[in-house]
Each structure stands twice: as structure tokens, then as C-alpha cells.
There are 2 protein chains.
Amino acid sequence: MIQLLAEERRHRIVDFLQQRGSAQVPELAGMLRVSEMTIRRDLRQLECSGLLRRTHGGAVANDRLLAETPYRAKRHEHVRQKQAIARAAVDLIKPGESIILDAGSTTYFIAMLLRNRPPDGLTVVTNDICILNELSDCPLLTVIGTGGTVQQGVYSMVGSHAENFFRTIRADRAFVGAHAVDMEIGLMSPNPEKASIKALVCAAANNTHLVVDSSKFGIGSLVEVRRLNQFTSVITDNDLAADRKEALERQGVRLVCV
Amino acid sequence: MIQLLAEERRHRIVDFLQQRGSAQVPELAGMLRVSEMTIRRDLRQLECSGLLRRTHGGAVANDRLLAETPYRAKRHEHVRQKQAIARAAVDLIKPGESIILDAGSTTYFIAMLLRNRPPDGLTVVTNDICILNELSDCPLLTVIGTGGTVQQGVYSMVGSHAENFFRTIRADRAFVGAHAVDMEIGLMSPNPEKASIKALVCAAANNTHLVVDSSKFGIGSLVEVRRLNQFTSVITDNDLAADRKEALERQGVRLVCV
DNA sequence: GGCCATTTGTTCGATTTTGTCCATTTGCTG
DNA sequence: CAGCAAATGGACAAAATCGAACAAATGGCC
């Protein structure tokens, strides 16, 4: 057999994947009589065209992929740190309290812990749709959604409805996530809506806890939200550089590293 | 076959759990010919995606995906009818309108249709968490959640927050679902919270459409919500008995059968 | 045939995944 | 509630996979 045309080869890869669901690079290389490198190049190109999804060792058909939106993918970054932070956060919660969970992946981990082992009589308030979704069949929790306009692809509710909601409640604790923590300015947010919500969340709670993994420190963003020493505590992981820890503690930040 | 692709392996874990309900680490390791450590890593990742729940020694299927909470199970009853009703409902929507989707399985089908082919500039208001979840990464829609207390296992938000929300808005159309439609009294609801919400949803819209499959007619429930002839239209399926159709039309109900 | 653009193959260091060992935690049992 | 076996997850090692860079081959075109 002579060499197939490149286009024909790629077509066969897609067909194979449609039929079998997944394929490995060596498998395809052997079947199509080309090198593995060529297969990898084909897969890369086909992925760009949206015809399949690459994985380590091969590729899977689009519909066989365990669904993951860009937002949800964030949950797989710094998982260890976020889980440790979430555990520390949950330890602060006492039975009968009411807490606010800000939208975000770290707070999502807090929600997952609460779902499995909820303290008695806990009330959870959140503007995160994924958290709402996870907690809404949990029999031991009272769960309250804030309402508001859904931010496209971010699974959180913001805007005037959400803001007014937070203006009318008072909770024992708020757990706030972060995308950016400037070492001097403190918590920052990429857009005014989120910034506004986070500020109101803090204002609505007697105790405020910033839950943020160490990779977010030293990153600036657009809108100033709150200085770190205004939080009841800042919970982060031990990978935070020692000089940064010192700098924050000099500012009077109550830092908890886990 | 040598070794499974990682993604494929995780897929099989999920499938296995869907079928059997639970699995142990050694069991999975043996079945998939990998070490137990790898299985644990897979389980950890899958737990992050919300596809299962870890336990000591293994994992159990996410009861939400498996045991089909009563709510989700409803999506699999009368699917044909509900889809047809949803299509008819979507045909009523004009570009630029704002609509309210009540919580329920038929309105969920409407949401899925909107997700795939949204009319220009549509605004969707809903108190259904599943609908929020599905629509929140849809770039062509403006989506607004009402807020409110989450009803356990029903994926909808009710209570004073949700009620106040509906008191402050006005939409072009509302699509209301039903569990029970008494032939004389009309739309009924099993509990006062839901009844209250449905009434307010109707009051907040210029046009109201009851979307309900024929199996719900002739079933009574606790709380009276609204007479059928007060709806702009009642959309149901053709399996509705002829004598019932006549009875309703005699009452002045604008009935649409699909 | 000769030339050029494109595609394919090869090598090798970097990256990712998987396996093994071991300290610690967990849940059961007496 | 102490003791124990099983399970867990961290750390590191081993293996597989990837991709960049460059060399070789292919195909079209004159």
C-alpha cells in the first residue's frame, strides 16, 4: 500500500474516533503507516478544528469527553492547596451559623466539604450557581441563592439584584475567593461587578475570611476591593514565599497557612 | 489491548459506578489493570468534577446522577410530549423579549432548546437551578436568577426573596409548569411556597403560558394557583382525552395541543 | 531533471503520567 | 478507647509521551 494523502488520513482518524470513542497514538500510527509524530501533528490540527479532544497518549471523541467548561477546569489547578484551604475554612464554622460563600473554585471546595459532612443547622448563602447546584439536594443544609444576572460562563450571579440581596442580610461568616491579591493594595478584582459584590459580601458578615491559594499573590488587577488586614483572617497555603508572609504580617494581616 | 487511555479509564470508572452504585479501589485497579494509586488519583479528579463521591475504600456514584432524584427522574417521563410542548413554546418567543421560566422539567426542555438556538437578545429569568446551570455558559442569552431559599432536592428557589424578586419585574412572557391540573379549579400546587411563586410569576408577565403534558390533567393537589382560562394559552400534548379538551374549551381556555 | 514549499521522520530533552515505598490517618473490633 | 489492619496520600523513581529542532522525503511546477 502506498501512502495516503494527509487529508484522507485525518479523515480516517476522525472516523475511527467516532466509531471507537478513543484512540492511542501508536495505534493510529500503526494503522495508518506513519510515524507517531505525524499522528500527533494531525491530532493537534484536528483538535484546533474542534473535531476531537487530545489527551495524553491519544485522543477521545468530543462527545465522550467528561464535560468540562473552562470555569470548571480551574478546579483542577492547585487542587491540593485549595482543598487544604477549604478544610481549614470549614473548621472555622460552628453549628447553627449562617455563612456566605463567594463565587469561585476555592469556595466550591468548601461547598463540597459541607455537602459531605455538614455541621448542624448550617445556612449557606451563595451567588455561585455551581455551588447552588451541588448543595441543592443536601438535606441537612439550608441553602439560599442570591439572585442576579448570570455572568457569562462564570457561573456566578452579580448585578443590582445580587447587590441588594447582600445589603439586606447579615451572616456570621463570609468566605471570599480571589483572582488577584496585590501585596500592597490587597484583594483586587478584574471587573467592577465582581468587586462590588465581594465588597458587599464582606460588609454583610461579622467575620470575613479570604480563601486564596498562594499562586494568586503578587498579581494585580483592575479594581481595588479590600485591604488584607481588614479580613478576620486570610487563609492560604504554605507555598507562599517567606518574605511575602513577613510583609503581610507586618501589615497586620492575620495570616493562616495550611 | 495494552493499556487504556487515561480519559477512557476514567470514563469506565464513571460508567461502572453508574451501573453498580459503588466500587472499591482494589476492584477498580484490578479491572483496569493499573495501580491503586492511579485509581485514587482518578477518583480524586472525578470527585472534583462532581461525577462521583469518594469514600474510604472506594467511591459511590453521585446520587444526583444515579439515583435520579425525583426531580431529575421527571425529565425521563413523557419526554416526547414535553419536547413537543417545549418546541411549541419556543415558537412563541420573539427576538428581544424577556421571558420567565418557572421551575420544572417541561420548562427545562424549553431552556435546552433556547440554549441550542437562542433568539436574538433574549433575556431569561428563572428560579430553577438546573436551568441556571445549563444556561450560564450560553453567550447569546442574558440570564437572571431570582434568588431565594433552595427547596431541598427540587432545584428551585422559593421564599420571600424569590417572591419579592418577581414583584419587582415585568416580563413579556412566562412559561409555567404544573404538577397537578384540576379540571375545574385549574393549576394547583402541592405546597404554599410554590403556589405563591407561580402566582407571582403569572402576575409579572404580560403573557402567561401553562406548559403541561396531558398526564397531569385531572389530578388535584393542595393549593389553588390559577384558573386555566386566565392563561394566555395552555400548551399540552394530543394525548389529552377529547372530552377533556371540550370541557376546557367550554370554560374559555385557549388550548394548544401538539 | 531541478527547485522550492510542504510534509514527514528522527533525535533528544522536557513534561506528564504511573508505580512503589512509607509515614500517617481512618474506621473497625474487642 | 486502645490496638490493628486497611486505606490514604506524599515523595520520589521509572516509564511513557510530547514537542521543538533539524534532517530527509515528497510533490508540484517550470
Side-chain angles (χ1 to χ4, degrees), chain A residues 1-14 17 22-49 52-60 65-66 68 73-88 90-91 109 112-113 116-117 213-215 237-240 257-258, chain B residues 1-14 16-17 22-49 52-60:
Chain A
M1 172 165 73
I2 316 161
Q3 192 71 286
L4 285 171
L5 245 45
E7 201 54 37
E8 169 70 9
R9 187 184 57 229
R10 289 184 198 117
H11 201 270
R12 286 213 193 184
I13 292 176
V14 174
L17 238 61
S22 73
Q24 300 183 237
V25 173
E27 185 180 13
L28 291 168
M31 186 174 76
L32 300 167
R33 316 283 173 119
V34 291
S35 74
E36 300 190 355
M37 190 66 228
T38 301
I39 295 294
R40 287 195 195 98
R41 281 190 271 244
D42 286 344
L43 293 180
R44 198 189 322 187
Q45 190 189 323
L46 291 169
E47 182 177 42
C48 288
S49 315
L52 51 79
R53 260 312 275 288
R54 291 203 62 186
T55 68
H56 247 257
V60 296
L65 191 71
L66 301 168
E68 284 273 309
K74 276 210 170 173
R75 290 193 207 141
H76 295 308
E77 297 168 4
H78 309 287
V79 171
R80 283 228 59 70
Q81 289 90 333
K82 287 175 182 175
Q83 280 185 332
I85 292 166
R87 270 193 295 273
V90 169
D91 284 343
F109 281 108
M112 292 301 277
L113 290 178
N116 292 337
R117 257 190 291 164
D213 69 83
S214 56
S215 72
D237 60 88
N238 262 318
D239 298 349
L240 187 64
C257 294
V258 293
Chain B
M1 158 137 5
I2 315 152
Q3 178 83 357
L4 235 40
L5 221 49
E7 187 73 19
E8 187 72 9
R9 187 184 57 229
R10 288 179 199 123
H11 217 283
R12 290 211 190 181
I13 292 175
V14 173
F16 186 85
L17 275 170
S22 73
Q24 304 195 325
V25 173
E27 185 181 12
L28 291 169
M31 185 174 76
L32 300 167
R33 316 284 170 119
V34 291
S35 75
E36 300 189 358
M37 189 66 223
T38 301
I39 296 293
R40 288 195 194 97
R41 281 189 272 243
D42 286 343
L43 294 180
R44 198 191 317 184
Q45 191 191 327
L46 292 169
E47 183 178 41
C48 287
S49 310
L52 52 79
R53 260 183 42 210
R54 294 212 57 187
T55 62
H56 239 266
V60 295

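Just so we're on the same page: letters track the sequence lines, and every chain starts at 1.
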Gap between atoms [atom1] and [atom2], on [X] and [N] respectively (whole Å):
X: Gln24(A); N: dT17(C); atom1: CD; atom2: P; value: 15 Å
X: Arg54(B); N: dA7(D); atom1: CZ; atom2: C1'; value: 9 Å
X: Leu32(A); N: dT8(C); atom1: CG; atom2: C1'; value: 14 Å
X: Leu28(A); N: dG9(C); atom1: CG; atom2: P; value: 14 Å
X: Glu27(A); N: dT17(D); atom1: CD; atom2: P; value: 12 Å
X: Arg33(B); N: dA15(D); atom1: CZ; atom2: P; value: 21 Å
X: Glu36(A); N: dG9(C); atom1: CD; atom2: P; value: 11 Å
X: Leu5(B); N: dT17(D); atom1: CG; atom2: P; value: 9 Å

Side-chain N or O of [X] versus OP1/OP2 of [N]: is the shortest distance under 4.0 Å?
X: Arg41(A); N: dA20(D); answer: no
X: Ser35(A); N: dG9(C); answer: yes
X: Arg40(A); N: dG19(D); answer: no
X: Arg9(A); N: dT8(C); answer: yes

Q) So Arg40(A) and Arg44(A), side chain to side chain contact (heavy atoms under 4.5 Å, CB included) or not? Walk me through it. A) CA-CA 6 Å; Arg40(A) 287 195 195 98; Arg44(A) 198 189 322 187; 5.7 Å; no
Q.
Do the side chains of Arg53(A) and Glu47(A) get close enough for a salt bridge, i.e. N-O under 4.0 angstrom?
A.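 Salt bridge: yes.
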Q) Got a donor-acceptor contact below 3.5 angstrom from the Asp213(A) side chain to the Lys82(A) backbone? A)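 Side chain of Asp213(A) to backbone of Lys82(A): no pair is present.
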Q: Give Arg44(A) one of three labels, base, sugar-phosphate or nothing, depending on what nucleic acid heavy atoms sit under 4.0 Å from its own.
A: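 Sugar-phosphate: the residue Arg44(A), judged by heavy atoms under 4.0 Å, touches backbone atoms but no base.
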Q.
Here's a test of your reading of the structure: between Pro26(B) and Gly57(A), which maps to the more 5' nucleotide of DNA chain D?
A.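 Looking at DNA chain D, the more 5' nearest nucleotide goes with Pro26(B).
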Q) What nucleotide among dT17(D), dT8(D), dT10(C) has an atom nearest to a side-chain atom of His56(A)? A) dT17(D)
Q: Check each of Arg9(B), Arg54(B), Arg12(B) against Asp42(B) using the salt bridge (charged side-chain N to carboxylate O under 4.0 Å, His left out) test, and report the only one that passes.
A: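 Between Asp42(B) and the candidates, salt bridge (charged side-chain N to carboxylate O under 4.0 Å, His left out) is satisfied uniquely by Arg9(B).
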Q: Could you give me the CA-CA distance, side-chain angles and deciding distance for Val34(B) and Leu4(B), then say whether side chain to side chain contact (heavy atoms under 4.5 Å, CB included) is met?
A: CA-CA 9 Å; Val34(B) 291; Leu4(B) 235 40; over 6 Å; no
